[in-house]
Number of protein chains: 2
Amino acid sequence: MSTRLVTVESLHYFTREALRRLGLSETDAAVAADVLVTTDACGVFTHGTKALAGYLRRLKLGGLCPQGCPHIAGEGGAWATVDGDSSLGMITSTFAMNTAIRKAKEQGVAYVGVRNSCHFGAAGYYAWLAAREGLIGLAMANDIPSVAAPGSRGPITGSNPISYAVPAGRHPPLLLDMSTATVAGGKVYTARTRGERIPDTWLLDGEGKPTTDPSGYPDVGALQPAAGHKGYGISLLIETLSGILTGAGFTWQIGSWMWDDGTKPTKHGAAFLAIKTELVMPAAEFGQRMEALVDEIHAAPRAAGVQRLYVPGEMEWERHAHALRHGIALPDDVVATLKKAAELAGLDLNTIYK
Amino acid sequence: MSTRLVTVESLHYFTREALRRLGLSETDAAVAADVLVTTDACGVFTHGTKALAGYLRRLKLGGLCPQGCPHIAGEGGAWATVDGDSSLGMITSTFAMNTAIRKAKEQGVAYVGVRNSCHFGAAGYYAWLAAREGLIGLAMANDIPSVAAPGSRGPITGSNPISYAVPAGRHPPLLLDMSTATVAGGKVYTARTRGERIPDTWLLDGEGKPTTDPSGYPDVGALQPAAGHKGYGISLLIETLSGILTGAGFTWQIGSWMWDDGTKPTKHGAAFLAIKTELVMPAAEFGQRMEALVDEIHAAPRAAGVQRLYVPGEMEWERHAHALRHGIALPDDVVATLKKAAELAGLDLNTIYK
């Protein structure tokens, strides 16, 4: 399967070129490619270039605007609202996090909300943008309802992801990127495709009862919220900061970037926070304290058979380092949608294999 | 059991008097009493006046300073660090959240970290302080390690609570207050006392394996993090914002307010965020959008046998309203520790019953 091994550079080039052919500027195409390819390099294939074909389709149909220009629609000392102008979610979100970083460098902390966006890919990328510059970053977004509330029959909130990144001295940044559902819908769908049963904590059936049968998903039922009322509660905070306070769509007002009418905007919202720790505590002190926390966890006693204790993001950073050296082994489902992307853009996918 | 029914006012008076007798000013005693009694009125008896005797003991022994004066140790545009001066956690935390509210009113958002604090009671109270003034509030704190990381044998992080409150127009504020463990340690301890088995998602035994036997708790084993790596990941963000960035103690540096040497400070940290939504979006618009979200959830289809779908905090607000009218029915374990509190303060507990 060596034909599916690609370098980070060649996948980046392909993604950039595809987006440019659909009308994006070179700068915007590079920004979006960096989000998607970094995500693949971290091994998070559900949220990387697998989605490229879907974005290209929307760019072609007009629901996404190739020449859209995200801009600040309102702002104050430590906050801003960004109107995405129906640009690709990656472009709007990068602009928004950079705005949060800029403001946090002055005020210590900043909140930037986003409206008129679309699917933004992996939340963790934007949190990392802050950590890369020495700040703590948080990123979150709303999405079409797919997750139940305790007691509901059917979905109430989106899988509303949230992520954070914290610089950790000599260690790579702590990086958590999670949905507020027990598991991503993709896992349920994969089990359905394979004809497998699932744990009864993942899905509710059409009556709102836990089920081990994924065959109805996603047409009936709903994902279960992570840790019940806790995941549900956090998803409503994310909905508030991403959807309500930004003027974006919320819950059923949001369109599916994948399945709904490609000529119309999806009205996704998002929210970004940055904290400039260096204003609060000397950088060296903060770094040493984070290192001590990570070192303590690494040295803690482990259960039988457990080789290592990880801090959030550690696995992903190791995959990322490996990908930079040895390339990315693309799974079949990613290759299949990249073929569609190549068709949509008039490119030859075969040029990217090592 | 009518002797255990108390009015909110009489419990407030008793709590205030007890704290005054241990040397607190009238103002400080009233601030702390409000935190604890509001918590009881919401039915969250694990975090209300049940803890009063423990605080009084520390005030007597010197680990908590009756005349301590929380103050701003460092600040900038949208941030501050508060040194609690070993005051009661309720006093320091109220001061810190009020500082965050003041700064958020100018800058849109603010972060206030706390060091030299102690157990702060229910996180949700402080989030509500912000919501009461029309702001979004978040509150969190670290604590002694009691919760495992995925794969660990023994505790790694505290049960690190986090809460938020969001004003919701004509509805009471959304209010979530959760620990990042699957369940509070108190639930496990209660099962132990009663000789009951527990679900295998609550506790790990001394080898780091899930167990249904609570008999070793809390001497051996560790609580399981809520939703596995998700609860673990969030608890590390809370540790970062509450413990690392504030200069407070973190993980094993923290003392147990209940069990450890009462003559020494516990070094707890905490963190508070406030967002002044009115700077970002007109108050009426934000309120209408929040109402629409809550109304939508209330009207959503329910699973068989489910009478209502709740938004976070709704149950607690209904209990609170009931308590204001009809009094608080104190559980036996709360009455037992209030007796100890009365002894420590030289008061007669019997005066508080209706």
Side-chain angles (χ1 to χ4, degrees), chain A residues 74 76-79 81 106-111 113 136 149-154 156 164 166 174 176 178 182 207-209 226-227 229-234 236-237 239-240 244-245 247 250-252 275 277 279-281 286 289-290 293 296-297 300-304 306 308-312, chain B residues 74 76-79 81 106-111 113 136 149-154 156 164 166 174 176 178 182 207-209 226-227 229-234 236-237 239-240 244-245 247 250-252 275 277 279-281 286 289-290 293 296-297 300-304 306 308-312:
Chain A
W79 68 274
T81 300
E106 289 168 15
Q107 305 291 352
V109 59
Y111 159 83
I136 294 174
S152 79
R153 179 163 52 81
I156 299 291
Y164 74 78
V166 180
L174 261 61
L176 179 75
M178 57 171 262
T182 303
E207 300 303 312
K209 288 178 190 161
H229 74 282
K230 298 185 182 187
Y232 166 60
I234 294 175
L236 288 177
L237 175 64
E239 194 72 55
T240 301
I244 304 287
L245 184 55
F250 59 90
T251 62
W252 298 99
I275 300 176
T277 59
L279 294 180
V280 181
M281 173 177 271
F286 182 77
R289 289 167 69 86
M290 285 303 300
L293 177 64
E296 180 181 292
I297 294 171
R302 301 183 298 275
V306 174
R308 291 170 59 182
L309 297 185
Y310 289 89
V311 294
Chain B
W79 68 274
T81 301
E106 289 168 14
Q107 306 291 352
V109 59
Y111 159 83
I136 294 174
S152 78
R153 179 164 53 80
I156 299 292
Y164 74 79
V166 180
L174 261 61
L176 179 75
M178 57 172 262
T182 302
E207 300 303 311
K209 288 180 189 160
H229 74 282
K230 297 184 182 188
Y232 166 60
I234 294 175
L236 287 177
L237 176 63
E239 194 72 54
T240 301
I244 305 286
L245 184 54
F250 59 91
T251 61
W252 298 99
I275 300 176
T277 58
L279 295 179
V280 181
M281 172 177 272
F286 182 77
R289 289 166 70 86
M290 285 304 300
L293 177 65
E296 180 182 292
I297 293 171
R302 300 184 298 275
V306 174
R308 292 171 58 182
L309 297 185
Y310 289 89
V311 295

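Every chain is numbered from 1 and lettered A, B, ... according to where its sequence line falls, protein lines coming before strand lines. Basis for what follows: all heavy atoms, side chains included, without hydrogens, waters or symmetry-related copies.
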Applying a strict 4.5 Å limit to non-hydrogen atoms, the region of B/I234 in contact with chain A is both
B/V166 versus chain A, the contacting section by heavy-atom distance below 4.5 Å: side chain
For the residue pair B/L279 and A/W79, what are the closest heavy atoms and their distance? O-CZ2, 3.0 Å
Looking at chain A, which one of B/K209, B/E239, B/H229, B/E296 has the largest number of heavy-atom pairs inside 4.5 Å, strictly under? B/E296
Please identify, among B/G208, B/G151, B/P312, the residue contributing the most non-hydrogen atom pairs under 4.5 Å to chain A. B/G151
Greatest number of non-hydrogen atom pairs under 4.5 angstrom with chain B, of A/M290, A/R308, A/E207, A/E106, falls to A/M290
Measuring from atom NZ of A/K230 to atom CE of B/M178, what distance do you get when rounded to the nearest 0.5 angstrom? 5.5 Å
Which of the residues B/T182, B/L236, B/L174 is involved in the greatest number of heavy-atom pairs with chain A at under 4.5 angstrom? B/L236
For chain B, the option from A/V306, A/V280, A/I297, A/L176 that forms the most heavy-atom pairs under 4.5 Å: A/V280
Heaviest contributor of heavy-atom pairs below 4.5 Å to chain A, chosen from B/T240, B/L237, B/T277, is B/L237
Interface check, chain B: of A/A110, A/A78, A/G74, most non-hydrogen pairs under 4.5 Å belong to A/A78
Need one label for B/Y111: side chain, backbone, both or neither, based on atoms under 4.5 Å from any heavy atom in chain A. both
Among the options B/A226, B/G108, B/G247, B/G154, pick out the one with the most heavy-atom pairs lying under 4.5 Å from chain A. B/G247
Best-contacting candidate, B/L293, B/V311, B/I156, against chain A by heavy atom pairs under 4.5 angstrom: B/L293
Where on B/Y164 is there a heavy atom nearer than 4.5 Å to chain A: the side chain, the backbone, both, or neither? side chain
Residues B/Y232, A/L309; criterion side chain to side chain contact (heavy atoms under 4.5 Å, CB included); working and verdict: CA-CA 12 Å; B/Y232 166 60; A/L309 297 185; 5.8 Å; no
Atom pair CD1 (B/I244) and CE (A/M281), whose distance is rounded to the nearest 0.5 Å: 8.0 Å
With distance as the sole test, does A/R153 use its side chain to make a donor-acceptor pair with the main-chain N or O of B/R302 at under 3.5 Å? yes
Heavy-atom distance under 4.5 Å to chain A: side chain of B/Y310, backbone, both or neither? backbone
